Amino acid sequence: MNLLDGLNDVQRSAVEFLKGPTLIFAGAGSGKTRVLTHKIAYIIEKQFVYPRNILAVTFTNKAARELKERVKKFIGHRAGQVNIGTFHSICARLLRMEIEHIGYDKNFSIYDAADQQALIKSIIRDNNIDLEGVKPNSIKGKISYLKNEMIEPKDFKARKFVPLDRLTEYIYPLYQAALKRVGAVDFDDLLLLPLILFKEHPKILRKYQQIFKYILVDEYQDTNIPQFQLVSMLSDLHKNICVVGDDDQSIYSWRGAKVENILKFDKTFPNCRVFKLEQNYRSTKNILAAASAIVKNNENRAEKTLWADKEKGELITQIEASDEWDESGRMASSILNEIRQNKRNFKDFAILYRTNAQSRILEQVLTRNRIPNVIIGGVRFYERKEIKDILAYFRLLANNRDNVAFQRIINTPTRGIGKVTLDKLIEYANLNDFSYYETLNYVDEMKMSARAKNALTGFRNLIKQFQDIRSTITFEEWANIVIDRLGMRKYFKEDGGEESDQRLANIDELLNSIADYCSKVEEPTLEGYLEEVALITDIDSWDDKKNAVSMMTFHSAKGLEFPVVFLCGMNKGLFPIQRDPEESNEEERRLFYVGLTRAMEKIFLSSAETRNFRGENLRYEISPFMKEIPFELLEKGKTKERVISPSRIRKSSQTFNSSPEPTTKLDKSVSDSVVDAMPGMMVSHKIFGAGKIINVAGFGKNAKLTIMFRDSGKKTIIAKYVKIKS
DNA sequence: AGATAGGGGCGCCAG
DNA sequence: GCCCCTATCT
């Protein structure tokens with residue numbers, strides 16, 4: 001196949017242009033993934049470089065996977081050797097190999113937000129810091145902000161009368177030192193440490209400059225300062241740096257992204273060649289007209305005009321609901337309508353909202369109306385207590401200096417080690433500069449009851465035992481044994497709460513994910529698994545094959561497309577969201593632009609007159625953004641409610657009337673097929689493959705199914721983890 | 001030690 | 001509405 005086939009003129013020139021800095025402005029839906037795919041293949045074919053000499057950076061792991069798949073179609077299995085990944089995953093891989101040069105152990109842990117917070121809390125405790133009402137979480141946020149701006153601990157000077165500033169000035173250096181002591185890096189460090197490494201060791205930088213002969217970066221408008229520096233340093237030898245992006249879609253300034261990176265690219269990288277992809281292949285003319293009208297109202301943007309070849313298409317439907325239940329109900333009925341009239345499938349729809357909190361009511365209303373739906377984001381699988389607990393064991397085993405992991409599990413499941421015992425242990429550890437785990441070898445020297453000493457020694461022996469068998473069996477076998485012997489299942493079973501079934505199912509699902517990891521990686525290891533898990537994003541775990549309505553935030557929708565898109569919560573204060581009244585709404589407007597341009601054929605915009613905020617019902621005005629859409633592109637929705645009355649759902653959950661509440665509690669993060677499982681039905685499971693249901697206990701998506709799998713035999717699995725065929 | 005109930009406080013968006 | 005912290009009880 002010719003690598004230039006099927007491209008328009010600009011796309012073709014952009015693919016063919018290989019030498020030197022290249023900036024590709026790619027409007028929404030203008031085929032930038034197409035260009036990136038062709039370009040990678042073209043570089044390999046025409047320039048006779050090895051696939052491993054190419055570095056391609058994407059925004060999510062999912063995008064990386066897709067890019068790899070598409071390159072594979074051109075150059076076959078060699079595509080596997082192209083370095084494709086997110087900034088974070090590429091940096092993590094690099095650090096695994098090189099981090100010892102800057103004084104870290106290569107078994108470093110990766111700390112997520114919860115771990116960071118736990119570490120900050122332990123610093124506050126160890127140093128008897130008076131918080132003056134400041135929350136540890138705000139300090140965490142401030143530190144992260146400083147890291148994104150590349151302000152080092154020693155360089156931050158607090159404004160005198162701002163308590164958060166003063167506390168941060170004091171805690172930031174302690175925090176950074178603590179990370180190093182426990183052998184951990186946070187998400188921001190993943191980007192910063194390679195920079196430090198390169199600055200201190202020019203030879204190592206040189207090595208990577210030589211490896212990465214061609215560098216391509218997608219979504220360049222959302223890169224931050226460290227990412228910019230990484231890209232500049234790595235491309236400094238060959239200068240073959242190609243960035244793709246759209247300043248109108250820059251939506252991450254709140255976490256340090258600098259739109260100037262793309263706007264000033266041609267100044268920063270001299271002799272840069274600029275291409276503009278302005279033909280939109282995704283949306284109808286009406287949709288594009290609305291989106292363009294919106295984004296034109298922004299001051300700070302590069303001038304460009306997107307145009308579409310498609311037909312005019314339908315008007316944008318405006319839904320004005322009375323409250324959020326009504327809003328959800330009307331969306332549900334519009335979905336059913338579209339399916340009836342235009343023969344659409346559930347998976348053709350996406351509902352986008354500004355805040356995750358909006359998903360709760362939506363999910364309830366959709367599910368009651370038997371509309372299959374999937375929520376992307378919210379409480380993530382790997383952030384659930386039971387999962388984090390088990391992973392903390394894994395982490396302590398991989399890196400036994402990981403004090404945060406240690407604290408999490410020292411008494412989970414309960415083994416009689418309480419606050420007093422732990423305090424004594426921590427004091428001893430700090431006094432002698434030991435890690436908490438190391439301290440377990442000195443229990444005899446600590447002043448505590450014999451019972452406490454026994455419990456601590458027991459814990460040490462348990463961990464030791466896991467350590468000892470590690471080298472003798474595969475990671476998968478080992479993980480199974482660990483989870484088994486920990487007694488986590490028993491612990492959560494006896495917990496007895498409504499959630500305990502759910503927790504047990506999640507533990508099984510964790511084992512499935514481990515099996516999955518082991519089957520797709522050449523050399524599965526504990527460390528490798530932990531790293532993969534740490535860097536998973538919401539979008540990554542989305543099964544886009546499932547026939548269900550997708551629900552997610554505007555931010556998560558970046559890069560995706562759907563035939564029909566609902567943008568809900570079009571209310572002042574919610575979207576654009578209420579924050580500093582001083583600040584302009586430019587980024588919120590770009591977010592709106594991103595939302596609108598996800599749609600291929602049809603858009604619904606909905607608002608509600610009243611909404612519940614922090615428990616009270618408030619009146620909301622319609623979003624000022626609505627007035628920015630040319631009126632001739634809008635029509636009022638005339639949806640009649642043909643769905644289960646939303647008000648009835650609400651009442652039944654508030655009053656103690658006769659209508660029985662369903663006994664299943666709605667699960668907050670995963671919804672699945674509404675088809676009720678019955679014995680005899682065929683199912684498929686992500687890991688175990690095809691099987692047949694032989695027994696059903698409970699109902700709905702949390703029903704316990706006994707399934708006979710064709711290859712793996714009989715297993716018990718919760719309904720939501722299998723796909724029901726038929 | 002550890003579970004549980006009650007009260008204060010307030011935020012988004014995410015690797 | 002929900003999370004986190006603290007007080008209180010077993």
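Both backbone and side-chain heavy atoms feed into the values below; hydrogens, waters and symmetry mates do not. Note that the coordinates shown come from a computational prediction; the quantities given were computed from them, not determined experimentally.
For dC5(C), the OP1/OP2 oxygens have a side-chain nitrogen or oxygen of Lys121(A) closer than 4.0 Å. Under 4.0 angstrom from either OP1 or OP2 of dG15(B) there lies no side-chain N or O belonging to Thr60(A). Between Thr421(A) and the phosphate of dA1(B), there is a side-chain N or O to OP1/OP2 separation shorter than 4.0 Å. Distances shorter than 4.0 Å separate some side-chain N or O of Asn356(A) from OP1 or OP2 on dA14(B).
Salt-bridge check for Glu427(A) with Lys424(A): failed, with every basic side-chain N at 4.0 Å or more from each acidic carboxylate O. At a threshold of 4.0 Å, the pair Arg354(A)-Glu588(A) counts as salt-bridged, since one of the basic side-chain nitrogens sits closer than that to a carboxylate oxygen.
Checking Thr553(A) against Gly133(A), the closest nucleotide of DNA chain B that is more toward the 5' end is the one next to Gly133(A). The 5' end of DNA chain B is approached more closely, in terms of each residue's nearest nucleotide, by Ser138(A) than by the other of Ser138(A) and Asp188(A).
Annotation: dC12(B) and dC5(C) have their P atoms spaced 16 Å apart (nearest Å). To the nearest whole angstrom, the two C1' atoms, one in dT6(C) and one in dG11(B), are 22 Å apart.
Evaluation of atom-type donor-acceptor distances gives no pair under 3.5 Å for the side chain of Asn411(A) against the base of dG2(B). One donor-acceptor pair, N or O on each side, does fall under 3.5 Å between the base of dG11(B) and the side chain of Arg614(A).
One atom, CD of Gln358(A), and another, C1' of dC13(B), lie 12 Å apart when rounded to the nearest Å. Atom pair Arg93(A):CZ and dG15(B):C1' shows a separation of 15 Å (rounding to whole Å applied). Here dA14(B) presents its C1' atom at 5 Å from CZ of Arg255(A), a figure rounded to the nearest Å. Rounding to whole angstrom units, CG of residue Asn571(A) and C1' of dC12(B) are separated by 15 Å. Glu383(A) has its CD atom 14 Å from the C1' atom of dC3(C), to the nearest Å. Phe575(A) has its CZ atom 21 Å from the P atom of dG11(B), to the nearest Å. Atom CZ of Phe87(A) is separated from atom P of dA14(B) by 19 Å (rounded to the nearest Å). Computed from coordinates, the Glu219(A) CD to dC13(B) P distance equals 20 Å when rounded to whole Å.
As judged by a 4.0 angstrom heavy-atom cut-off over every strand, Thr414(A) is placed among residues touching the sugar-phosphate backbone only. Nucleic acid contact for Tyr252(A): sugar-phosphate only, since backbone atoms but no base atoms lie under 4.0 Å from a heavy atom of the residue. Ser89(A) comes within 4.0 angstrom of no nucleic acid atom, judged by non-hydrogen atoms across all strands. Residue Ile417(A) is classed as a sugar-phosphate contact, given heavy-atom separations below 4.0 Å to backbone atoms only.
The two residues Gly569(A) and Glu327(A) have their closest heavy-atom pair at N-OE2, 2.8 Å.
Using cut-offs of 30° and 60° on the angle between ring planes, the pair Tyr436(A) and Phe406(A) is perpendicular.
Candidate nucleotides dC2(C), dC13(B), dG15(B) were compared by shortest atom distance to the side chain of His555(A), and dC13(B) ranks first. When distances run from any side-chain atom of His88(A) to the nucleotides dC2(C), dG15(B), dC13(B), the shortest one goes to dG15(B). Listed candidates were dA1(B), dG11(B), dC13(B). Nearest to the side chain of Thr355(A) is dC13(B). Across dC12(B), dG11(B), dA14(B), the shortest atom-to-atom separation from the side chain of Ile577(A) is found for dC12(B). When the nucleotides dA1(B), dC12(B), dA14(B) are ranked by their closest atom to the side chain of Val420(A), dA1(B) comes out on top.
For the side-chain contact (heavy atoms from CB on, under 4.5 Å) with Cys568(A), the qualifying choice from Leu574(A), Leu362(A), Leu605(A), Leu352(A) is Leu362(A), the only one to do so. Each of Glu532(A), Glu531(A), Glu527(A) was checked for a salt bridge (charged side-chain N to carboxylate O under 4.0 Å, His left out) with Arg96(A), and the lone residue meeting it is Glu531(A).
Looking only at atom types and distance, the side chain of Tyr175(A) has a donor-acceptor partner in the side chain of Asp186(A) under 3.5 Å away.
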